2 protein chains.
Amino acid sequence: MGKDRKIDHVILGLLAHENLTGYDIKKMIDGAISFFWKGSFGSIYPALLSLEQEGLVVRAAEEGTEGAREKTVYSITEAGRQSLLAWLEQSKAANDLKYESLLKIFFGGIAEPEVTLKTVRAFEKETEENLKLLRLCRDNLEKVLDQKDHLYYYLTVTFGIRSYEAYLKWCREAAALLKKAAGEKSSR
Amino acid sequence: MGKDRKIDHVILGLLAHENLTGYDIKKMIDGAISFFWKGSFGSIYPALLSLEQEGLVVRAAEEGTEGAREKTVYSITEAGRQSLLAWLEQSKAANDLKYESLLKIFFGGIAEPEVTLKTVRAFEKETEENLKLLRLCRDNLEKVLDQKDHLYYYLTVTFGIRSYEAYLKWCREAAALLKKAAGEKSSR
DNA sequence: GTTTAGATATATCAAATTGATATATCGCTT
DNA sequence: AAGCGATATATCAATTTGATATATCTAAAC
């Protein structure tokens, strides 16, 4: 059973690029990968302590401790890099989704079609906003695509864009079917 | 804080349609909604006890207890139906995704492009299989679309199909870019 | 100059969830 | 009669969330 902490891979992956504090890690997750992965302080800080004990990360040397505010910058070790690589190389991956919107749509038969139509509209609006952000992101990335790691970031962003575009197309179809259902109901 | 159990809505939604045991609920989740929502026995059984205490479900009258194997069939109450409806009517919804595949792709720069290409291929294969199943599902549903609840089931299935189709399109683009990156590397 | 608001930084906790394991019965085949 | 897979419930450690608490630093506002 033991060793099932997904957050470890996120932390090691981010630290493989640069030294970070727990707070920095949270910011990175929220900024760069939140559209397909989330993480909270409550999992990050305990995981950092645990990774340190396992020797996969170490506290980075502090420059100028003088009067500096207390913070713990972490750095990945060679063992950490190996662990990360081992995870990357097993191409199997668990993709777990929890779409509360779809759950509401699935159970829509319990309420009037208008209720589900509202759920679809809310989902559509949220998706439009997310899509707008990701497109901005992509436009910026395309200017620097030649640089080493940017291809990989670009790939995840285009995944998000393709997905969101498909969601929006579906939203329009779904809304049309629900309006039809609402119409049939009222004209009986 | 309290009352944050998403599994409650799944259970109530399923019970709104028919009486079920905890085991039945697990089977329903696995069969009908697993492509966008999962649930384990470890959350279902405790939730059923809790919902019973809150008066949202009751143990259904057993027919022919004679020699029948022990099982607990649950039934939704009027209060349960109201609770479910209240949840449906607030169109806000939390959609939480955990794509381990994308996480591996995001951190792909640490390994050779071939490693990420393998991850994309594995994701593509899994998606193709899922898509095949959902298309079968849709074909069967289209024959009975006139029936009450089937529209809502159909909507979630088409959501899955549209998403998976978009994933596959992206997989091909991603594979092409990764092959190019691998080629540039070897010809330096 | 000082209050105040927002960002930085870490820690902790109850509640929810996962994934595994344990236990036992039933129905079917060998 | 043995064995296997499905039915059925329960439990537990480990993980994760989301909230809350605490404290400092920075910059703007007054």
Side-chain angles (χ1 to χ4, degrees), chain A residues 1-11 19-31 33-34 36-54 57 59-60 62 64-74 92-100 103, chain B residues 1-12 19-31 33-34 37-54 57 59-60 62 64-74 92-100 103:
Chain A
M1 53 186 103
K3 206 48 171 38
D4 206 27
R5 276 206 322 273
K6 302 282 170 138
I7 190 71
D8 286 6
H9 307 126
V10 180
I11 292 174
N19 294 356
L20 299 165
T21 66
Y23 188 80
D24 293 332
I25 289 166
K26 170 69 169 150
K27 265 198 304 179
M28 288 275 136
I29 293 173
D30 288 348
I33 64 173
S34 65
F36 67 82
W37 200 278
K38 284 172 188 70
S40 59
F41 288 129
S43 64
I44 294 168
Y45 284 111
L48 279 168
L49 292 177
S50 177
L51 287 169
E52 194 187 14
Q53 287 182 334
E54 295 167 51
V57 307
R59 281 153 203 257
E62 295 147 74
T65 326
E66 318 278 336
R69 131 201 244 157
E70 55 182 307
K71 66 172 175 172
T72 315
V73 181
Y74 288 91
K92 244 184 298 177
N95 298 310
D96 276 10
L97 326 180
K98 296 236 152 155
Y99 280 104
E100 197 179 2
L103 205 54
Chain B
M1 53 186 103
K3 207 46 176 30
D4 205 27
R5 276 205 322 272
K6 301 285 166 106
I7 191 71
D8 286 7
H9 307 126
V10 180
I11 293 174
L12 292 176
N19 293 357
L20 300 164
T21 66
Y23 188 81
D24 292 333
I25 289 167
K26 171 66 171 152
K27 265 197 304 180
M28 287 275 137
I29 293 173
D30 288 347
I33 65 173
S34 65
W37 200 279
K38 284 172 188 72
S40 59
F41 288 129
S43 64
I44 294 168
Y45 284 111
L48 279 169
L49 292 177
S50 176
L51 287 169
E52 193 187 14
Q53 287 181 334
E54 294 166 51
V57 306
R59 279 152 206 257
E62 295 148 71
T65 326
E66 316 280 334
R69 133 201 241 156
E70 54 180 310
K71 66 173 175 172
T72 315
V73 181
Y74 288 91
K92 242 184 299 176
N95 299 311
D96 277 9
L97 328 179
K98 296 238 152 155
Y99 279 105
E100 197 179 1
L103 205 54

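For the numbers below, each heavy atom of this structure counts, side chains included, while hydrogens, waters and symmetry mates do not. By convention in this document, chain letters (A, B, ...) are assigned in the order of the sequence lines, proteins followed by strands, and residues within each chain are numbered from 1. In this text the structure is predicted, and so the values were computed from the model without any measurement.
Side-chain contact between B/K71 and B/Y23: absent, with no pair of heavy atoms (C-beta onward) separated by less than 4.5 Å. Side-chain contact between A/N95 and B/E100 is present, with at least one heavy-atom pair separated by less than 4.5 Å. A heavy-atom distance below 4.5 Å is found between the side chains of A/L48 and A/I25.
Residue A/L97 contributes atom CG, which lies 15 Å from atom C1' of C/dT18 at whole-angstrom precision. Atom CG of A/D96 is separated from atom C1' of C/dA16 by 15 Å (rounded to the nearest Å). Atom pair B/K38:NZ and D/dT15:C1' shows a separation of 17 Å (rounding to whole Å applied). Straight-line distance from the NZ atom of A/K26 to the C1' atom of D/dA19: 12 Å, rounded to whole Å. For the pair A/Y23 OH and D/dT24 P, the interatomic distance rounds to 16 Å; values are reported in whole Å. Spacing between atom CD of A/E100 and atom P of D/dG18 amounts to 11 Å, rounded to whole angstrom units. Between A/D4 atom CG and D/dA14 atom P there is a gap of 11 Å when expressed in whole angstrom units. The distance from atom CD1 of B/I29 to atom C1' of C/dT18 is 13 Å, rounded to the nearest whole Å.
The side chain to side chain contact (heavy atoms under 4.5 Å, CB included) test with A/K26 is passed by exactly one of A/D30, A/I29, A/D24: A/D30.
Using modelled atom types, one side-chain atom of B/S43 and one backbone atom of B/S40 make a donor-acceptor pair closer than 3.5 Å.
Taking both residues in full, the closest heavy atoms of B/Y74 and B/R59 are given as OH-NH2, 3.8 Å, listed atom of the first, atom of the second, then distance. The two residues B/G39 and B/I7 come nearest to each other via the heavy atoms CA-CD1, 4.4 Å. Residues B/P46 and B/F41 share a closest heavy-atom pair of CD-O, 3.8 Å. Of all non-hydrogen atoms in A/A60 and A/N19, the two that sit nearest each other are CB-ND2, 3.6 Å.
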List, with names and distances, any nitrogen or oxygen atoms from the protein found under 3.5 Å away from nitrogen or oxygen atoms belonging to nucleotides 22-25 of chain C.
{"unit_1": "C/dT25", "atom_1": "O2", "unit_2": "B/R69", "atom_2": "NH2", "d": "2.2"}

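Taking a 4.0 Å limit (strictly below) on heavy-atom distances, residues 40-51 of chain A reaches DNA chain C at A/F41, A/G42, A/Y45.
The phosphate of D/dT15 (OP1 or OP2) has no side-chain N or O of B/K98 nearer than 4.0 angstrom.
Residue-to-nucleotide proximity on DNA chain D shows that, of B/A94 and B/Y74, the 5′-proximal contact is made by B/Y74.
Of the candidate nucleotides C/dT17, D/dT16, D/dT7, D/dT7 has the atom lying nearest to any side-chain atom of B/K27.
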